[in-house]
Amino acid sequence: MEASKCRNTPLLTNNTETTSSGATVAVVLTTLVAVSGSFVFGCSVGYSSPAESGMISDIGLTLAQYSVFGSIMTIGAMIGAVISGRIADHFGRRAAMGFSELLCLAGWIAIVLSKVAWLLDTARLSIGIGIGILSYVVPVYVAEITPKDLRGGFTAVHQLMICFGVSTMWLLGTIIQWRTLALIGASPCILQLVGLFFIPESPRWLAKNCRWQECEDVLKCLRGHHADISAEAADIREYIENIQYLSQAKFSDLFRKEYARSLTVGVGLMILQQFGGVNAIAFYASSIFESAGFSSRVGILALVALQVPMTVLSTLLMDKAGRRPLLMVSAAGTCVGCFLAGLSFLFQDIHKWNGGAPVLALVGVLMFSGSFSLGMGGVPWVIMSEIFPINVKGVAGSLVTVVNWVGSWIISFGFNFLMSWSAPGTFFIFCIICGSTVVFVAMLVPETKGRSLEEIQASLNPLDSRRHA
């Protein structure tokens, strides 16, 4: 898109300060529609564990066939992550969410109707592609519609709804048959598809596509018709006009010097998030408790009871405590949790403290899960949605999301092999990685609380900013 095409189109000329940055009803309702997709994400992740025994019994699947069903969603999510940025950039944030929900809805319905393994796998792959797109576009959309003072908390609702979705499937799966559970998973897909007709497009995406009047109308709708949006609109316009001098980024453009810090922060946080062991504990919590000699049922219920309130606390603290403190406290907590779990298995290996070792494993896993929910679960997604300039946001967001899903697959696939090698060693490795996260955050991750997206991106990409000054 040529810069001259946008530059002479008036948006707002008054440059006074915005008088309102609070959460209007429009922002709240729009966010709720968007994070319905996050609930779908959580339901998809949480479905496979409670459905396992019933599906194997009813369809006659082997354990290997069910393993394919469970893991193929991650493959689909990688595919969805690759295309997510391009779809969101070319067709808009709403269209990307709508397309992903159609894929998820088709997948859930196919699971309900499936009587053979290949249809189950195809359905699960379709859901995976859908949530791969959702995992990128939902936090990006929410970040682009909310006021800067509330952006962190609202974007963190993405992780909160994922947590709700997982917990819902775990709890209902104990009393509901797997086909009915799949129908419940399909319900939020329909809710979001209907809701998308009533929410606006991202004002920053509209501005990027030179739809200035629509951008202004959306800002007025989101901030309130009596709010002064001139300062926010002027910031968006100035930034978009500068960025229009750059062509739409190719993948190779991400590795230019001016994007080095943004890319390092975005990719680094996702690598550390996944290789810290979160999906190992999430996917195999039951077997971890059983291996440690503790009741898996009691352990799972304790996890559910802890995860949701800790994720709620993270959402409330996001715009008060800031991103960096939450990340550092969270990573330190996961480090201690992994150390305690590793110590528990070490005591078992050397036949010491047999009575207390299982309880120590429970404490370690709960500390890891609660600490992860406090920061490392949601904050990397918030920061990912904030740090990339709009001309590279599509390809950069796709790369970051792909890295996350690849890490998820590696850990979930390799965890059992690591545990057979050394259970204490596995958790001590996770402990070291979690400890490294604290250092990484302290040295490289910027504080983005209370700053506009344009301010954040200019500070992280100084060469790009000076080029267009």
Side-chain angles (χ1 to χ4, degrees), residues 28-55 58-59 69-70 72-74 76-77 80 84 93-115 119-139 141-142 154 156-199 282 300 304 307-308 311-312 315 378 381:
V28 172
L29 294 179
T30 299
T31 300
L32 287 176
V33 171
V35 297
S36 298
S38 311
F39 189 79
V40 173
F41 185 162
C43 289
S44 304
V45 171
Y47 177 78
S48 58
S49 178
E52 180 175 357
S53 59
M55 194 176 289
D58 294 350
I59 304 293
F69 171 80
I72 200 170
M73 186 185 76
T74 309
S84 60
R93 308 332 188 195
R94 289 194 311 164
M97 286 187 281
F99 177 65
S100 63
E101 290 294 12
L102 289 174
L103 289 172
C104 290
L105 182 60
W108 285 117
I109 292 174
I111 288 175
V112 173
L113 301 176
S114 291
K115 296 182 178 180
L119 185 55
L120 284 171
D121 293 342
T122 303
R124 188 75 166 165
L125 182 69
S126 178
I127 292 173
I129 296 171
I131 67 171
I133 298 170
L134 286 170
S135 64
Y136 164 75
V137 73
V138 171
Y141 175 78
V142 175
F154 271 73
V157 177
H158 168 65
Q159 183 66 28
L160 177 62
M161 294 301 288
I162 292 173
C163 183
F164 277 140
V166 172
S167 299
T168 298
M169 288 289 144
W170 281 355
L171 293 175
L172 293 181
T174 62
I175 57 174
I176 292 178
Q177 192 255 4
W178 63 274
R179 292 188 193 273
T180 306
L181 197 62
L183 283 175
I184 292 173
S187 301
C189 301
I190 298 172
L191 178 64
Q192 188 177 52
L193 282 170
V194 173
L196 287 173
F197 288 98
F198 299 96
I199 65 174
I300 290 296
V304 172
Q307 279 184 339
V308 173
T311 308
V312 171
T315 303
W381 292 105

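- Counting only distance, with no hydrogens or angles, the side chain of Tyr47 and the backbone of Trp178 share a donor-acceptor pair below 3.5 Å.
- Across all non-hydrogen atoms, the minimal contact from Gln192 to Gly37 is NE2-N, 3.4 Å.
- Between Ile131 atom CD1 and Ser38 atom OG the span is 11.0 Å, to the nearest 0.5 Å.
- Residues satisfying the side chain to side chain contact (heavy atoms under 4.5 Å, CB included) criterion with Leu102, sequence neighbours excluded, are Leu193.
- Heavy atoms only, all atoms of each residue included: Ser167 and Gln307 are closest at OG-OE1, 4.4 Å.
- For residues 100-114, no residue pair satisfies the side chain to side chain donor-acceptor pair (under 3.5 Å) rule, not counting sequence neighbours.
- Take Ser44 and apply the side chain to side chain donor-acceptor pair (under 3.5 Å) test, not counting sequence neighbours, and it matches no residue.
- For the residue pair Val308 and Leu160, the shortest heavy atom distance occurs at O-CD1, 4.2 Å.
- For the pair Ile111 and Arg179, the tightest heavy-atom approach, listed with the atom from each and the gap, is O-NH1, 3.6 Å.
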### Message
Determine whether Thr168 and Phe39 satisfy the following criterion, side chain to side chain contact (heavy atoms under 4.5 Å, CB included), listing intermediate values before the conclusion.
### Response
CA-CA 9 Å; Thr168 298; Phe39 189 79; 3.8 Å; yes
### Query
Would Leu120 and Met55 count as a side chain to side chain contact (heavy atoms under 4.5 Å, CB included) if you check the C-alpha gap in whole Å, the side-chain angles of each, and the deciding distance to 0.1 Å?
CA-CA 10 Å; Leu120 284 171; Met55 194 176 289; 3.8 Å; yes
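- In this structure, NE2 in His158 is found 16.0 Å from CZ in Phe154, a value given to the nearest 0.5 Å.
- You'll find the side chain of Val45 stays beyond 4.5 Å of the side chain of Ile162, heavy atoms only.
- Between Gly107 and Ser126 the shortest heavy-atom distance is N-OG, 4.1 Å.
- Considering only heavy atoms from C-beta on, Val142 stays 4.5 Å or farther from Val157 through its side chain.
- Shortest non-hydrogen contact noted between Ser84 and Gly132 is CB-O, 4.2 Å.
- Taking CD1 of Ile199 as the reference point, atom CZ of Arg94 lies at 6.5 Å (rounded to 0.5 Å).
- Applying the side chain to side chain contact (heavy atoms under 4.5 Å, CB included) rule to Phe99 yields the partners Ile87, Leu103, Ile133; only residues at least two apart in sequence or on another chain are considered.
- Atom CD1 of residue Ile190 and atom CG of residue Leu105 lie 5.5 Å apart, to the nearest 0.5 angstrom.
- Distance check: Met161 CE to Ser36 OG gives 6.0 Å after rounding to the nearest 0.5 Å.
- Partners of Ile72 by side chain to side chain contact (heavy atoms under 4.5 Å, CB included), not counting sequence neighbours, listed by chain and number: Asp121, Arg124, Leu125.
- With sequence neighbours excluded, no residue forms a ring-ring contact (aromatic ring centres under 6.0 Å, His included) with Tyr141.
- Between the OG1 atom in Thr122 and the CD1 atom in Ile127 there is a gap of 11.0 Å [rounded to 0.5 Å].
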